[in-house]
Asks: 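Below you'll find the structure I mean.
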Amino acid sequence: MTISTLQDTTLDTLRYGKEQIMKKLFTLLLAISLALGVGAVSLAQDDDMSGMSFEFTEEQIAASPYLQSVLSRLEQSYDTSEFAKDGPYRIAFAAQGTSNAWSALMDAHAYWYVEHLGEDVVSELLYGDAQASADVQVPQVEDLLAQEPDALILVPMGAAALSAPVERAMMQGVPVVLCASAVETDNFVTEVGTNLWVVGASLAQYVVDQLDGEGNIVIMTGIPGVTTSDIMEEGADAVFAANPGIHVLDKQPGFWSPADAKGIMETWLVQYGDDIDGIWSGGAQMSQGIISAYLDAGLDIPPIGGGEWQNGFLRLALEHDIKYLAWQYPNAMITMCIDAALQILAGEPTPRFIDFSGVIPNSEPFTDVEGADYFREDWSDDVHGPITMPDEKLEELGFKVMDDGG
Amino acid sequence: MTLAKRKSKLALSRDNRWRLRKFVADYGVYIALLILLLVAALLTPKLFAVDTIAVVMRQASQLGIVAIGQTLVLLVAGLDLSVGGIFIMTSVVVAEVGNGRNEMIAPAILTALALGALVGLGNGLLVTKRRVPPFVATLGMLVLVKGATQAYTRGVPGGFVPEALGIVNQSWFVLSVPLALWLGLNAIFIFVLRGTTYGRRVYAVGSNIEAARLSGIPVDAIRISVYVLGSLFAVASGIVLTGYVLYVDRFIGSGLDLDSIAAAVVGGTAFIGGRGGLLGTIAGVLIIQILSTMVVLLGLDVEVQFIIKGLVILGAVTLYSVASTES
Amino acid sequence: MNEPILEMRGISKSFAGVQALKNVSFRCQAGLVYGLVGENGAGKSTLMKILAGAYKADAGEIIYKGMPRETASTGEIIDSGISIIYQELALVPQMSVAENIFLGREPRNRLGILDLGQLHARSNELLSRLGVALDTRLSVSELTIAQQQLVEIAKALSQDADLIVMDEPSAILAGSELDQLFDIIAALKAQGVTIVYISHRLEEVFRIADEVTVLKDGEVVDSRPISQLDRPTLVRLMVGRSLDEIFPQTDHEQGDLVLSAEDIETDTILDGVSLRLHAGEILGIAGMVGSGRTELARALFGADPLTHGEVRLVGKSLQWKTPSQAIRAGLVLVPEDRKSQGLFTALSVRINITIPILSRLSRLGIVRRPAEEGVVINAQQRLSIVMTSPEQETQYLSGGNQQKVVLAKWLETEPTVIILDEPTRGVDVGAKFEIYKLMRQLNDRGIAIIMISSELPEIIGMSDRILVMNDGRVAGELSRENADEERIIELATLGSAEAQLA
Amino acid sequence: MNGLGGIMGGQPQARALFLRRNGPIIMVYAFILLLIVIGATQSERFLSERNLANVARQSAFLGIVALGQMLVILTAGIDLSVGSLVKVSILVSAIVMNGENANVVPAILAALALGVLVGLVHGFLINELRIAPFIVTLASLVILKGIGLTISSSPVGKASREVMMFYVQKVGPLPVIALMFFVLVLLTMLLLRYTVFGKHLVAVGGHVEVAHLSGVPVKRTRYAVYVLCSLTAVVTGLLWLSRMGVGDPAIGDGIELQTITAVIIGGTSLFGGRASVLGTLGGVLLLGITANLLVMLGVSQFIQGLIQGVIIVAAVALYKQEGD
């Protein structure tokens, strides 16, 4: 098995309505078993996979331990022979847990994928629900390790807090796959994710490009102290610093909350009003709050660097014709994490950094130009694409697919 | 003669004492608010722009509505930590029942209110019938409500917030829908507390529960009703918040629970019950909201806000404590 | 003359503008027993709390063992040899007998660790000196009130004090326990210990005191050897008038039966109590603290549910289960502890007075302010309540005025029966007299009164009939004519069966 | 000890009293037993030495602060600031330690000094300015959180190698940290039973006025108990540092509510004057085993919160509390 097993399968489920799902399920199962190799087919015609590619300067790399780590790990491979054993495997999954839809969909993907692989591949998925809190996750990882799993997949809730537990897992002989975020130690097998520095920088570059390098902007970060947020901010700062025409009016954390984001944006609007020419936002939920504040104030919305494939955001953006660049952080990447774990347990050499971009279909960044193609009328606001599991799973999970509107 | 003279002298000194105490209790927080506004005039004149006032007042309303309920609960020597769970529950109910259809807003709100009342009833019964300290009872209910919401949604609230709920974002100059609601509810409940038998009984129960019982007041019923009201105000705040973001948010209103206690306490409502009222809470809410707006206007780090907020709470209660301490 | 062991000079103290003590001087010589007498509210307890360091005097000085005493902590004062047995029992209910006795001065071993063996051994020794058998490991909340009082005394003994203040110890001690106490006092005196004995039971004072100091309204009225005093003189010194002057007499006729209780019991100590009450009558209820007096009042009022028997308010002939039903039926209770049960101290006079009659003063739940203010003004005039405004919080009123507010609150319900539990506790003489007058006025209007009191002169002076309670039962009933203090104490301490035998 | 036992009263209701006083403790341990039975029958690894050691070690993190919290609650107080203090102490000790073994002692001293300082400030505000403990420590929760984030909003500092190894050290099968916790449990029991200070805590919580009149140094006792509680928080902060290896400000929020829950479930009265070390230990173990079991049994994550809520509400509702 390789990390790119399931890619081709998902398009269909995205594209077709639910009436076709039963039929599709068969196709899907077939497709998964057949598909090997990378098949990055895009929903839109936009095949440009390098939407987030970015030229770093030497200085930027030198200034960022994160960049150094990612760039070097992209080229490294881990000799996993010490972990090789026969299946079926018991895999521990320390998830972000029941905190938001993104995470719930990741869990759903995990359960679906394990079920799909079959009991002779993964006999048990041990699960820990961190409730998005490092305090909860640290002991939980200990609980999971006490069950002596064959591998640990971890969505770390704190880069620092989870470092020592990761090292202890490795010491115990349990290979660790980091999913969606990093920890401070280098002592793990591999990380599945994307270059968050580049994400932050690309979103910033988009804003800069939209303004032709001249203008006032505001920056809304996620949660200070959370790695994903901090690294994206670092990338953004680097780009804005490199563009002297850009004036940063203010930077505040919006805590990835639409309510907090809206509150701060309202204050900015009364403070700067029309002077704001562009906005950098660290997440779609905050972008929703930002848009909402603009709508209330009745002001024109400047370009936003920082949407995501999140149905609610797309709905708003489409309705109000907003210019944005959306990045992606597909929860479906968990399937790649599971694949990575299986690869490790098979003793195959494993890259130390696995970028989902270009592997999971439709996980590339897109702009308002293609936005309509991503928006799904039948999904509820909370759904984050892309979804690689069948639609039934989505409905089972309680995502109401919208009624016809009476 | 001398006796009469002495009496009047005594009466005078007693008189001054309670008048001073009353003055501090009733107006101390407004003096603090005034000082804050003076500081703001120097540091952030932008605060006094009509637009800013509108924003501050609208955001204050979200906190203010739940703070009304919290004040009522504090008045009967209670405490409600479960409001945080109610915000989330409300947001989920509005999305699930409303499911994007405007005609379902009313049923959604009614459902949320009914569930809220149920939570309040649970709080009230635990506190009165099982004599669980309010802190523990409402903390338990908080975990329970959050857990139940989680179990129901299975982690993912389905449905959409009906767009028409965005009406709460409407405003005419400074007056927004939430502000109107906040002011209206304040007007009603200031009157209820001062002018009705119910209000008197709330104060009586908080001031001296045994005396209230012996005065023929159904103390348990009063306390339960206050917890129910507290939950209903939390639902109202939750609805305004949900309309504000037009989106189901698991972290909706996080922090407003403690802020609502802080607002009431800063406003002079005593932790031991029976003392204080909504006029003080209004000022407490405004102080907290203006402080957080000023932090953004000044471009300060958010963490500074925590420190300032803590110091303001301490300063206010110290003032009340010093003023009320007998010789 | 010997050097005095204690001299308090020019002590003054006021609370919230109310002068509790004015220029009080008090001196004791070693090895004598001093009676400190005076009515409730005369300032006895305040004086002793200043001695104990619990209050700070506004003015004056204390010279103890020849040295002016600087402000000191309560612990240092105890160490210096002063111990006080308080009127309100000063025990921690959750702690054991032994722990309470040595609280604040626990025996430790060389490592500074609590010496439990010594703690219990010494406690046992002290208790046996008092002739009491009590498991020192029991927690105080499991003891009877009399047992708790003995623990208090043991606690004072344990402090090896040179000066022991006993604040009304006899209020809850009975018969043999009281005799034991007097024996102990005699023994202590023989050892050279000075005793200050606070009481308003005069016969006790005459029995044990060497010298008597009388306080009235916060001032020392007189201080002289017991040999120069007789009972009537002492009474006149204490109250400033003779008894006849204090208790206003009226001729009124006893009316119809208004209230009856048949064999009532509750979950509390009450054990089959029956009583009858007529219109215009004052029924006095006497008994030791803990004899069931207060429980009887609560049972009649519906505050504690009946487990047996019934209460009838004749004319309405109904049963009530809650105070509010009782109030509506025309029966009210003015509770014993004003601060904790009667008054909303943080609320205004206006709100306090109108709380039980709000439904009468309101329409659709909205209070009619003019009607309410009328009631308050009326009440103020009727009871001559001294206040600066109806909006004044009741915590800033004097004790007497607070009690009047509580009375006013209940009178406004226009009751047919009023139960007064310790109506004059903590009230100055002037206010006391007004309360007595008021009771008579109510009588004249046909209102029936049950008065519970620890003050025997008050019981005897005011009651038409007297029920004496003991251990949850009625130990005996006395008519006004054949009631005297001795008879009441006998019934209250021995109970009816023993009293008959005696 | 003496032959006079129980002649006068008290004894007849002794059994009822025993039950009333110890009911919550019996219930908690019965509940724990039930969970253990469920765990043993439903998961082969639950009773493994490894998992038991794991649960014991984890319990220390909540348990040590819960002991401090219990002492404060015994005096009719409360300390809401412990979570924030854990956070600040992690950051301070990590920065001082900075990965150097030589700095371990200064780091520990810095953390302890911080604890003493915070405890003294609480004591001062409660004693001298007469502010309710709830408000004092609520304000302190907010302020300390602000201070923590001001020190650093992202991970800082580093534990030394030895400190990190401390976390996994064992004495026989028992992790050192668990052992440390059990020793503290024992010490707290001894403190309450055999020391003057312990008796004074009960007296202050049971009837502060009486305590004062009996010469108990009420203020000093309060200062001491808030300092002690803060110290348990900084010790827990140090343990977290050993657990994580770095100072991460993400840790600490919500610990106060967990400790209060554990203490209350263990039968300690929020009204003061009555506390049970065994009960608190039971409360801590109950919460710890529940969390462990939910992971072990793979209970659907959606109902975990509900289960925890039901347990808490049931525990506090089953036993009618005293007071009012």
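Throughout, protein chains are lettered first and strands after them, A, B, ... in sequence-line order, and every chain is numbered starting at 1.
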Asks: Identify which part of A:E124 has an atom lying under 4.5 Å from any heavy atom of chain D, answering side chain, backbone, both or neither.
Replies: neither
Asks: Taking A:P165, A:A164, A:G128 one by one, which has the highest count of heavy-atom pairs under 4.5 Å against chain D?
Replies: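 Ranked by heavy-atom pairs under 4.5 Å with chain D, first place is A:A164.
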Asks: Report, in residue-number order, which members of residues 241-253 of chain D are under 4.5 Å from chain A by heavy-atom distance.
Replies: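 Hits under 4.5 Å: D:S242, D:R243, D:M244, D:G245, D:V246, D:D248, D:A250, D:I251, D:G252, D:D253.
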Asks: Among A:P139, A:G158, A:A134, which residue forms the greatest number of heavy-atom pairs with chain D at distances under 4.5 Å?
Replies: A:P139
Asks: For D:Q169, is the CD atom crowded, meaning more than 12 foreign heavy atoms sit under 6.0 Å from it?
Replies: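 Yes - once you tally the heavy atoms of other residues, nucleotides and ligands closer than 6.0 Å, there are more than 12.
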Asks: With a 4.5 angstrom heavy-atom cut-off, which part of A:Q172 approaches chain D: side chain, backbone, both or neither?
Replies: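 The answer is the side chain of A:Q172.
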Asks: Please report the shortest heavy-atom distance between D:Q58 and A:D143, naming the atom on each side.
Replies: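 Looking at all heavy atoms of both residues, the closest pair is NE2-OD1, 3.0 Å.
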Asks: With a 6.0 Å cut-off (strictly less than), is the heavy-atom count around CZ of D:R161, excluding the residue itself, greater than 12?
Replies: no
Asks: Please classify the contact of D:N292 with chain A as side chain, backbone, both or neither, using a heavy-atom distance under 4.5 Å.
Replies: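 Both the backbone and the side chain of D:N292 come within 4.5 Å of chain A.
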Asks: Rounded to the nearest 0.5 Å, how far does OH of D:Y167 lie from CD of A:E142?
Replies: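 Nearest 0.5 Å value for the CD-OH distance: 2.5 Å.
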Asks: Report the option among D:V156, D:V295, D:N51 that has the most heavy-atom pairs separated by less than 4.5 Å from atoms of chain A.
Replies: D:V295
Asks: Between D:F61 and A:V138, is there a side-chain heavy-atom distance shorter than 4.5 Å?
Replies: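 They are not in contact (no side-chain heavy atoms under 4.5 Å apart), so the answer is no.
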Asks: How many angstroms lie between atom CE of D:M164 and atom OG of A:S163, to the nearest 0.5 angstrom?
Replies: 8.0 Å
Asks: Non-hydrogen atoms of chain D under 4.5 Å away: do they reach the side chain of A:D135, the backbone, both or neither?
Replies: both
Asks: Below 4.5 Å from any heavy atom of chain A, which atoms of D:V168 appear? Answer side chain, backbone, both or neither.
Replies: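 It is the side chain, since no backbone atom gets that close.
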Asks: Tell me, side chain or backbone of A:L145 under 4.5 Å from chain D's heavy atoms, or both, or neither?
Replies: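 Its backbone and side chain both get close to chain D.
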Asks: Look up atom NZ in D:K158 and atom CD in A:E184, then write down how far apart they are to the nearest 0.5 Å.
Replies: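 If I round to the nearest 0.5 Å, the distance is 8.5 Å.
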Asks: Which of the residues A:Q147, A:Q140, A:M171 is involved in the greatest number of heavy-atom pairs with chain D at under 4.5 angstrom?
Replies: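 That would be A:Q147.
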